[in-house]
Amino acid sequence: MTEKLILTDEQWRDRLTPQQYHVLREAGTERAFTGAYESLKADGIYLCAGCGNELFNSDSKYNSGSGWPSFTEPVAQDTVTAYEDSSHGMRRIEVRCARCDGHLGHVFPDGPGDNGLRYCINSASMEFEPR
Ligand code: FE
């Protein structure tokens with residue numbers, strides 16, 4: 001596991017755009033179908049917009065119809081961390097970047113792959129690097 005990245009709130013505000021800050025540091029959610037990567041099919045890797053940690057490969061991305069980028073699995077099991085989330089009156093599993101603890105989105109048990117998982121991730125939490 002790579003070393004944790006821990007910054008002050010002021011450093012995060014300097015480093016991130018207001019929307020990135022809202023999603024990553026305040027666990028915000030971009031509106032469905034508005035994110036830059038929602039329908040992107042290009043070959044490459046999705047990095048954490050907060051710290052550059054490698055999160056998802058494009059070959060695990062699929063169109064779930066949800067309005068957010070959807071993946072069947074992260075690049076490695078230890079690249080993201082899952083937390084119970086009972087906010088907004090729902091019981092969900094929150095997914096954060098394991099390196100900077102930035103909020104990415106949630107994981108749901110209705111994915112199309114062998115593991116049955118759907119990682120529902122905000123575009124604003126990621127930077128796409130084409131291959
Ligand atoms: Fe990160």
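When a ligand or atom number is given, it counts from 1 through the structure's own listing order.
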Asker: Considering all heavy atoms of both residues, which atom of Val95 and which atom of His106 are nearest to each other, and what is their separation?
Answerer: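 Taking Val95 first and His106 second, the nearest heavy atoms are CG2-C, 3.8 Å.
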
Asker: Can you see which heavy atom on Cys51 is nearest to which on Arg15, and at what distance?
Answerer: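 Nearest heavy atoms, Cys51 then Arg15: CA-NH2, 4.1 Å.
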
Asker: Are the side chain of Lys61 and the backbone of Thr72 linked by a donor-acceptor contact shorter than 3.5 Å?
Answerer: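 Pair absent, no side-chain N/O of Lys61 close to backbone of Thr72.
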
Asker: Tyr21: what forms a ring-ring contact (aromatic ring centres under 6.0 Å, His included) with it, not counting sequence neighbours?
Answerer: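 For Tyr21 there are no ring-ring contact (aromatic ring centres under 6.0 Å, His included) partners, ignoring immediate neighbours.
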
Asker: Who else is in the cluster with Phe33 when I, L, V, M, F, W and Y are joined by side-chain contacts under 4.5 Å?
Answerer: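 Via sub-4.5 Å side-chain contacts, Phe33 links to none.
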
Asker: Near the Fe ion (ligand 1), meaning under 2.8 Å, how many protein N/O/S atoms are there?
Answerer: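 Of the protein's nitrogen, oxygen and sulfur atoms, 4 lie under 2.8 Å from the Fe ion (ligand 1).
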
Asker: Could you tell me which residues satisfy ring-ring contact (aromatic ring centres under 6.0 Å, His included) with Tyr46, sequence neighbours excluded, listed by chain and number?
Answerer: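 In terms of ring-ring contact (aromatic ring centres under 6.0 Å, His included), with neighbours along the sequence ignored, Tyr46 is linked to Tyr37, Phe71, Phe128.
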
